[in-house]
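Report on the structure given below.
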Amino acid sequence: MTGTALLGLLDWAEAHLPRLIDQACAAVVDRMALYRDGRAVSRAELRRSVDHNLHVLVAAVGAPAAPLDLAAPRETGRRRAHQGVPLPEVLQAYRITFATLWDALVEHARGAGAAGATDELLTAASRIWQLTDEHALALTEAYRAATAELLLAQQRRRSAVVEALLTGQPGPDATPWDAAALLGLPPGGQLVVVAAQTRGFAEESLPGVERALAADGIVSGWRLSPALQVGVVSLRDDQTRPMLDVLRGVAKSRTGVSPRYDSLADTPRALRLARAALAGVPAGAPEVRMFGPSPLAALVVCEPDEGARLVSRVLGAVLGLPADDRDMLLDTLDAYLDHAGSAERAGEVLHCHPNTVRYRLRRLQDLTGRSLADPRDLAELAAAAHAVGVGAPTEAHPDRPRHPRRR
């Protein structure tokens, strides 16, 4: 494989490498638009890469017993990954480069007239193409390793940016809008926060959610903690339902969604509401629940101490009843409030006669000392019902929130 004729060919190739390098670069630029504009990879850098790789290849063919130096293809693979050049294009440029060398060797062997030159070159062909395969494999492995590192770094950065939005602390030299720009959240859109309970310790409960949302044109950023998978999602007016459909399709555990909001500065508040919606889902149920649009319910969640006092002072006597009796009265109050104060419509929902609804409401008024006919009393009852509905604790047990009822 290293006969005199072949060594003569390799000496010729080494002496003519500057011209072959120019030819290879010209062929790459001519055939590949990505390299033609010089934005991703400059002409100077392309030439350095071709120069290094062809010198290494010619040396390796001439010294088959020497250790193979794969530093050049590995460096090319890493650099192209960082430059964002797709791997198929990088490999195509490699093939063009090595084909330029091979064609030149064949042409010279045929024209030189040296005895056995063509035969020895054909004998060496398997070695040459083995080397090109090893170069391509080294390049591919380095490219993929660099890509994995870049993706991991990007995920870490996006997670940190989401954390900054959720805590309202983007950093000393950044604003929430800077953080949103880093996540790719479009300006002027509405937002929601999604909070999903992790299935195990730091295990995603919404696997593939960012990719699934992106398939519907919905931009989002996510952060994983030991207990929660949390995301900030940007929505157009018509994307709430598609977003919920995606979440329900991937959810593996209970998930809460905040109401829509406009200002990035409100993201920490939206997280509280998303967690409140999550708390309203029965334990172990892979259900997605969106917090209602009521500002009263949101106020109760955002002021938990006041919510606890409100529940105790307005509904304390009702909460002290046996569970079945208590839930019957609270469900009746909810149905009455949800249906514009209509006993008839509340009765339809509760599957009972309107007079039964009225009787239960009279009991509730007697227990609370508040009249549904008095606007102020009605406002207190409605606010207390909202507080119970989102799981507000009571003054008596501030550290033990009552499990929220399904509304």
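- A 4.5 Å side-chain heavy-atom check between Ser234 and Gln190 finds every atom pair outside the cut-off.
- The two atoms that bring Ala274 and Val193 nearest to each other are CB-O, 3.4 Å, heavy atoms only.
- Listed for the Asp51 side chain is no donor-acceptor partner under 3.5 Å among the backbone atoms of Arg47.
- Here Arg275 contributes atom CZ and Leu271 contributes atom CG; the two are 6.0 Å apart, rounded to the nearest 0.5 Å.
- When only modelled atom types and interatomic distance are considered, Arg95 and Gln92 share no side-chain donor-acceptor pair under 3.5 Å.
- In terms of modelled atom types and a separation under 3.5 Å, the side chain of Arg370 and the main chain of Thr368 share a donor-acceptor contact.
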**Message:** Please evaluate residues Gln197 and Gln229 with respect to the criterion side-chain hydrogen bond (donor to acceptor under 3.5 Å, both in side chains), reporting the C-alpha separation (whole Å), side-chain torsions for both, the decisive distance (0.1 Å), and the verdict.
**Reply:** CA-CA 6 Å; Gln197 185 179 45; Gln229 183 179 1; over 6 Å; no
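- With hydrogens and angles disregarded, no donor-acceptor distance shorter than 3.5 Å links the side chain of His52 to the backbone of Arg48.
- The pair Lys252-Glu204 does not count as a salt bridge, with every side-chain nitrogen at least 4.0 angstrom from each carboxylate oxygen.
- In this structure a side-chain-to-backbone donor-acceptor pair under 3.5 Å is present from Arg254 to Val281.
- Closest of all the heavy-atom pairs between Tyr94 and Leu139 is CE1-CD1, 3.2 Å.
- Side chains of Ser159 and Arg223: no donor on one and acceptor on the other come within 3.5 Å.
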**Asked** Where do Thr240 and Arg260 land on the side-chain hydrogen bond (donor to acceptor under 3.5 Å, both in side chains) test, with the steps shown first?
**Response** CA-CA 9 Å; Thr240 299; Arg260 294 170 70 125; 2.3 Å; yes
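- Taking CG of Leu224 as the start and CD of Glu203 as the end, the distance is 9.5 Å to the nearest 0.5 Å.
- For the side chain to side chain contact (heavy atoms under 4.5 Å, CB included) test, residues two or more places apart in sequence or in another chain that qualify with Asp216 are Ile218, Pro242, Val246.
- Listed for the Thr356 side chain is no donor-acceptor partner under 3.5 Å among the backbone atoms of Cys352.
- Ser258 approaches Leu273 most closely through the heavy-atom pair CB-CB, 4.3 Å.
- Between the side chains of Trp102 and Thr100, no donor-acceptor pair of N or O atoms lies under 3.5 Å.
- The only member of Leu235, Val233, Leu264, Asp266 that meets side chain to side chain contact (heavy atoms under 4.5 Å, CB included) when paired with Leu191 is Leu264.
- Under 3.5 Å, the side chains of Ser205 and Thr198 contain no donor-acceptor pair of N or O atoms.
- Here the closest non-hydrogen pair linking Leu310 and Ala384 is CD2-N, 3.6 Å.
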